[in-house]
Amino acid sequence: MRYGLISDIHGNLEALNAVLKDLEKERIDTYLCVGDIVGYGANPKECIEIVRSLKPEVLIAGNHEWGVLGFLDLDYFNQYAREAVIWTKRILSHAEMEYLKSFKLTSIDKNITLVHGSLDEPKEFYYVFKSEDADPTLNIQKTLVSFVGHSHFPGIFRSDGGRSVEVDGMNTKIEPDKKYLINIGSIGQPRDGDPRAAFGIYDEGAGTVEIRRVDYNIEAAQSKILAAGLPPQFALRLALGN
Ligand code: ZN
C-alpha cells in the first residue's frame, strides 16, 4: 500500500494542486489527511471539494475545522487566525460544514495512527516541533507509525522504547521493531523557512517514508488572500515560509 500524506492545506488551492500533480506519478493507493483543510487561505471550498474527491479513508479534524464548527472556542486562536476562522465559517455551505463534522480527532487502525496535534491530548492540539514534543504521542502509540500535522514543521521521529530521536533528513527506512512519528508539515502554509509545499509518501510494503517539497505559484495564492480581504500577513508569510 502506498499512501499519499497530506496536511494543513489551509485553503491554499495552488499549493494543493501542485502537490497532487507531483503525487500523480507516484502510484498512490490512498490518501491520508490529518486536518486543517481550511483557514488562512482564500480557497477553503475548493480545497474541501478536492480532498473529498480523493476519498481519504479517514478524515482527521484540525483546530481550524474545530474552530469553524464551533467545537473550539475562538479565544484559542490569535487575532488573525480568529479572523480566518470567522471568514471561513461565513463562506462555507451547510453541506461543507456537515462534511467537516464527519472528521474525527484521531484514527487508530492496526498499523497507522492519525492525529492533527498529539495523541495524548488530541483536543488540546499540542504542537510537535522537536523530539520532546513527539514523546507523549510515541509513549502511548500502539502502531508502527503515526502521522501528524499542525506545527507546519516537517520531521521524522523514531523511538525504540525510550526517548525519541529526530531522524536526519526527510526520509527514512521504517524498521519494524521501532515506532515512528512523522510530522508531514504543511501544504498551504509552511513555517520551517522553506516556502515550498510539504507532503509525504508512505510505502508500507517497502517500509519507507519520505517528506517531499514542491514549488507552487505563491504569487497567485497571495493575490487571492489579499483580494478576499483576509489579513495581509497570511499572504506575506507564504513567500517566507514562516
Ligand atoms: Zn494548521
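Each ligand, and each atom within it, is numbered from 1 in the order the structure gives.
- At most 12 non-hydrogen atoms from other residues, nucleotides or ligands lie less than 6.0 angstrom from CZ of Arg163.
- Ring centroid separation for the pair Tyr126 and His150 does not come in under the 6.0 Å cut-off.
- A donor-acceptor pair under 3.5 Å is absent between the side-chain atoms of Arg158 and the main chain of Lys178, judged by distance alone.
- Aromatic ring orientation, His10 versus His64: perpendicular (interplanar angle above 60°, classes split at 30° and 60°).
- Annotation: salt bridge (Lys or Arg N to Asp or Glu O under 4.0 Å) contacts involving residues 119-144, sequence neighbours excluded, are absent.
- Under a 3.5 Å cut-off, the side chain of Asp36 and the backbone N or O of Asp8 do not form any donor-acceptor pair.
- Around the Zn ion (ligand 1), the protein N, O or S atoms found under 2.8 Å comprise Asp8 OD1, His10 NE2, Asp36 OD2, His152 NE2.
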